[in-house]
Amino acid sequence: MTEDAARDGALSRRGFGGGVLALGGAVMIGSVPGAAAAPGPERAGPRASGGAGSWTAVAARRTTLRRGSAERAGLLSAHLDGLVTDAETFLVPSPTHPWYAGAVLLAGRGGTVALHRPIGSAVRYSAYDEKTDTGVELPPGERIPMTEDTVFDLASVSKLFTSILAVQQIERGTLDLEAKVTTYLPEFGGGGKQDVTVRQLLTHTSGFRSWIPLYREPTREGKLLLIWNEVPAHPPGSAYLYSDLNLISLQLILEEITARGLDTLLHDEITAPLGMHRTRFNPPLSWRPEIAATEDARRPWSGLDRGMVWGEVHDENAYGLGGVAGHAGIFSRAWDLAILARTLLNGGAYGRARILSPESVDLMFTDFNTAFPGDEHGLGFELYQHWYMGAMATPRTAGHTGFTGTSLVLDPSTDAFLIVLGNSVHPVRSWRSGSAPRVAAADRLARAVPVRRDRAGTSPEPSASAESGRPPWFSGMTSGATGTLTLPAVPGAARLECALWWDTEPGADAAHLEASTDGGATWTPLPFVTVRTGEEPRPHPSGTADGWSGRVWHTLTAEVPGRDTVPVRLRWRYATDKRYAGRGVYVDRMRVLDAAGRPLFDEARPADRSRIEAVGWTPSAD
């Protein structure tokens, strides 16, 4: 069973705890129904329209990776150290069983890999004892520790490679994004699938159910017949439903139009040009000592009785397809995935190799699922998923997870990338749940990227105010918490000015500006307006800010109601739910001015700043 089939009905891969147009096979910038970039200031990363942050500029990037310090990567070393410390807590019961026997962690920014750390064991157990729900541990001398170069069964992260191969063919004109699948596979139309398009396969909107047990059919012909006759669970294009069958179908298209097997395509079009020498389907027996073991696969928890799976693909359907499948089956190591991450953040090139054009990469980072909020999806890549991207999530943050414990996250807005490879089904799949280690690692990497500003609030200068050296106030990133930042009382009929930076889980965590005229006994929302340099003012009539603001500072103004004879207290309140948290909220340079523009309160004055009451908020220079 795949990760996705195991998830509560599999209607969505989220768990608890502008666009492009293909015409005649050619990729063109334009508009396509269902595809959109984030609006206005929420559009992160390179743009297709030119300029310093454009895909045109990115096209010149050929950045390659090197190891270096956190400082060289523009990251804060303390938070990278914390990333490792957090990851190690999942080697012990968390809460009942370890989430993984071991993992390899890799984090970087720009061309610098600032963290590459193995923890735990690649092979720890010889079997699983279902009677006692314990793993049968190997003697210490027979266990194999994780190393930086340990190779993992990527499980569903394999889908990204199939998607890249498909986008290559779209770029070359041999595959049309909006074409019906039956254009390439006439037999596919059985069961009412005749209108399913290539785009719907890539965005999981085809209507396919999450999976079917193809491995039970002994012949390839029988497996294909199951796919041809499969009846969609939903009409094509009407719902998001993550399905392995989408990428298996895409594999069949690719093999049909190229006359090459998917394993050959992977080698010729991606791994060989990029020098990803430890990435392939069906690793040879000589690799086995370098590979992390997966599961003691036996019925009833597995579809097949195979014993401890080590060096062969874990997914039953991929195994039944000979180890080469569009949805699972690729083995790789962290450094190779970092090369892939850097290639995509470069706009499709790495060193002397180019595997995609910048416009094609934009296809993969553009949300085609605007009709299904919460299930944002580019071509192959998932977008803006806090459930495993944590505080790295933005409308353009792309990534994927794999059932075996793997994940890859790319954040174009900070040029950062994170790879977490764990053997979380070793010795059995039931020991793991949720994505807590992935979220913890992503939160740490997001926190490791400093928030910078200058006097205008737009340039990358040190965040402390230039005049005084005092740092902004930071809300923190704790889930299930509420913090307040309260100013001393001032006369009403005033005006609040400050700088505001926010990036929170949309619809769940928010910064609230509130006012009180009874000494803090009751608080009411205070509407405000924010302005980002070069853009139109943005009203916040409910007095709240949440979601994605572009990871830049905004100038905020708010009219304080009342009379100048009635004292008013103002406060910021940041409240988070118990699920996930974004990068948080920063507030700086708070001033309250009277009608004549004279400061009633100015935190630049030490006496005024000392009167701020902070609960859960702290000064933070980074």
Exercise. When you check the side-chain N and O atoms of E178 and T197, is any donor under 3.5 Å from an acceptor?
Worked result: no

Exercise. Among all residues two or more places apart in sequence or in another chain, which pass the salt bridge (charged side-chain N to carboxylate O under 4.0 Å, His left out) test with R109?
Worked result: none

Problem set entry | Stepwise side chain to side chain contact (heavy atoms under 4.5 Å, CB included) test for T183 and D176 | CA-CA 10 Å; T183 303; D176 188 332; over 6 Å; no

Problem set entry | Test item: L344 and F381 side chains (from C-beta on) under 4.5 Å apart, heavy atoms | yes

Exercise. So, S357 and E171: side-chain donor and acceptor under 3.5 Å apart, yes or no?
Worked result: yes

Exercise. What do you reckon, are the aromatic ring centroids of Y100 and F152 less than 6.0 Å apart?
Worked result: no

Exercise. Does the side chain of N246 reach to within under 4.5 Å of the side chain of Q200, using non-hydrogen atoms?
Worked result: no

Exercise. H327 and D315: side-chain donor and acceptor closer than 3.5 Å?
Worked result: yes

Problem set entry | Residue pairs fulfilling side-chain hydrogen bond (donor to acceptor under 3.5 Å, both in side chains) with at least one residue in residues 288-298, sequence neighbours excluded | E130-R298, R278-E290, E295-H314, E295-R429, D296-R298

Exercise. So, do H204 and Y242 have ring centers that fall under 6.0 Å from each other?
Worked result: yes

For this session: Kindly write out the residues that satisfy ring pair (Phe, Tyr, Trp, His ring centres under 6.0 Å) with H267, not counting sequence neighbours, or none if the list is empty.
Result: none

For this session: For the residue pair T370 and D367, confirm or rule out a side-chain donor-acceptor distance under 3.5 Å.
Result: no

Exercise. Do T147 and D149 have a side chain donor and acceptor closer than 3.5 Å?
Worked result: no

Exercise. For the residue pair W301 and Y128, is the inter-centroid distance of their aromatic rings smaller than 6.0 Å?
Worked result: yes

For this session: Please check if any side-chain donor atom of R124 sits under 3.5 Å from a side-chain acceptor atom of S121, or the reverse.
Result: no

Exercise. Do the ring planes of Y384 and H386 sit parallel (below 30°), tilted (30 to 60°) or perpendicular (above 60°)?
Worked result: tilted

Problem set entry | Polar contact flag, side-chain donor to acceptor under 3.5 angstrom, S360-Q168 | no

